[in-house]
Participant: 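First, the structure itself, so that you have it in front of you.
In each ligand, atom 1 is the first atom listed, and ligand 1 is the first ligand listed.
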Amino acid sequence: MQTHLHGRDMITTQEWTKDELDTVIDIALDLKRRRALGENHALLRDKVLAMLFFFSSTRTRASFEAGMAQLGGHAMFLDSTATQIGHGDTWREIGEILGRYNDGIAIRQVDWGIGNEYIRAVADASRTPVLNMQCDWYHPFQALADLLTIIEQKGDPRKLTVNVSYAFADSYQKPISVPQSEILLLTRYGANVRLTRPPEFKLMPEVVDQARDNAKKFHGSFEIVEDFDEGMKGADVVYAKSWGSMLTTSDLDESAEISKKYTDWITDERRIALADEDAIYMHPLPADRNVEVTDGVIDGPHSRVFDQAENRLHVQKAVMALTM
Ligand code: CP
């Protein structure tokens with residue numbers, strides 16, 4: 001167990017060692033147990049987390065806010081449009097000033113080509129830890145919650161085939177941060193990771209290379225499949241969600257047009273039946289119901305989407321308690 005994590009940023013799990021990530025999972029399970037028993041765990045009494053959102057959220061905002069209250073502290077919600085960012089406050093003012101008022105700064109900034117750079121710049125300017133609540137490249141707390149869910153539901157990831165798959169959606173061009181974070185983290189836990197996606201929906205080459213290296217180092221495997229049904233076959237975990245074709249075009253309207261070629265990439269009852277009979281279905285939510293996934297699958301016996309959403313709370317509390 002690593003106990004020297006005070007002051008650390010969490011921008012991507014790839015920058016934490018395997019030992020440090022094991023500590024997060026261990027503490028998350030302990031905090032989950034303590035909450036279930038009604039045990040006091042006010043580990044961050046009088047501490048404040050500033051949460052700066054440039055994009056909407058249900059789970060992330062609610063789970064960080066609930067988590068800080070349960071740890072005895074407070075979460076301050078800041079909508080970027082209601083700040084002076086539009087009138088000149090740069091990453092420097094945000095890092096310097098919010099870092100002086102608070103014990104941590106959490107940021108969601110998913111704009112393509114901007115989000116990760118902005119969060120890192122704030123982290124450089126801040127004297128307190130910066131937590132990535134999702135950027136254009138990474139969604140580390142989603143991946144940690146998903147890892148915890150897989151361990152709870154299926155056991156040691158080293159025995160498992162996890163299909164991280166593209167699915168069609170028409171609500172908006174979703175960031176690539178979730179699939180990138182999944183392939184990076186699950187390969188470090190020795191899973192057989194299958195990335196299934198159409199040719200236009202590639203992930204960043206450097207992230208794919210890191211996933212391959214992780215798989216080699218941690219004795220798992222990593223493969224890329226371009227056929228939706230093929231990706232489902234025999235999978236223990238089906239993690240199928242939509243993302244935009246940002247690596248093909250930065251024009252979101254063009255990306256939406258490209259995606260229309262793949263309207264049949266929907267996780268339905270026939271597709272889930274191609275996976276292992278005990279397979280679990282995962283999705284970070286929000287999902288485009290009956291477009292990305294049928295009601296029958298997302299509300300059916302394979303689905304673990306609400307366990308995933310719950311585990312956001314526990315892993316985030318663990319990281320906050322360790323770093324703040
Ligand atoms: N999964 C997730 O991050 O959900 P929100 O966008 O609602 O925060």
Participant: Considering all heavy atoms of both residues, which atom of N163 and which atom of M232 are nearest to each other, and what is their separation?
Facilitator: ND2-N, 3.6 Å
Participant: Show the numbers, then the answer: is there a side-chain hydrogen bond (donor to acceptor under 3.5 Å, both in side chains) between D103 and T128?
Facilitator: CA-CA 6 Å; D103 302 282; T128 55; over 6 Å; no
Participant: Show me a pair-per-line table, with atom names and distances to 0.1 Å, of protein N or O atoms that are under 3.5 Å from an N or O of ligand 1.
Facilitator:
residue: ligand 1; atom: 1 (N); partner: Q142; partner atom: OE1; Å: 3.0
residue: ligand 1; atom: 1 (N); partner: P284; partner atom: O; Å: 3.0
residue: ligand 1; atom: 1 (N); partner: L285; partner atom: O; Å: 3.0
residue: ligand 1; atom: 3 (O); partner: T60; partner atom: OG1; Å: 3.1
residue: ligand 1; atom: 3 (O); partner: R108; partner atom: NH2; Å: 2.9
residue: ligand 1; atom: 3 (O); partner: H139; partner atom: NE2; Å: 2.9
residue: ligand 1; atom: 3 (O); partner: R312; partner atom: NH1; Å: 3.1
residue: ligand 1; atom: 4 (O); partner: R59; partner atom: NE; Å: 2.9
residue: ligand 1; atom: 4 (O); partner: L285; partner atom: O; Å: 3.4
residue: ligand 1; atom: 6 (O); partner: R108; partner atom: NH1; Å: 2.9
residue: ligand 1; atom: 7 (O); partner: T58; partner atom: N; Å: 2.7
residue: ligand 1; atom: 7 (O); partner: R59; partner atom: N; Å: 2.9
residue: ligand 1; atom: 7 (O); partner: R59; partner atom: NE; Å: 3.2
residue: ligand 1; atom: 7 (O); partner: R59; partner atom: NH2; Å: 2.9
residue: ligand 1; atom: 8 (O); partner: S57; partner atom: OG; Å: 2.7
residue: ligand 1; atom: 8 (O); partner: T60; partner atom: N; Å: 2.8
residue: ligand 1; atom: 8 (O); partner: T60; partner atom: OG1; Å: 2.6
residue: ligand 1; atom: 8 (O); partner: R108; partner atom: NH1; Å: 3.4
residue: ligand 1; atom: 8 (O); partner: R108; partner atom: NH2; Å: 3.3

Participant: Any side-chain to backbone donor/acceptor pair from N102 onto L98? Under 3.5 Å, distance only.
Facilitator: yes
Participant: Does the pair D229 and R270 meet the rule for a salt bridge (charged side-chain N to carboxylate O under 4.0 Å, His left out), with working shown?
Facilitator: CA-CA 9 Å; D229 284 11; R270 181 181 75 73; 3.0 Å; yes
Participant: Do the rings of F201 and Y166 sit parallel, tilted or perpendicular, given the 30° and 60° boundaries?
Facilitator: tilted
Participant: By the definition side-chain contact (heavy atoms from CB on, under 4.5 Å), identify the one residue from I94, L52, I107 that meets it with L78.
Facilitator: L52
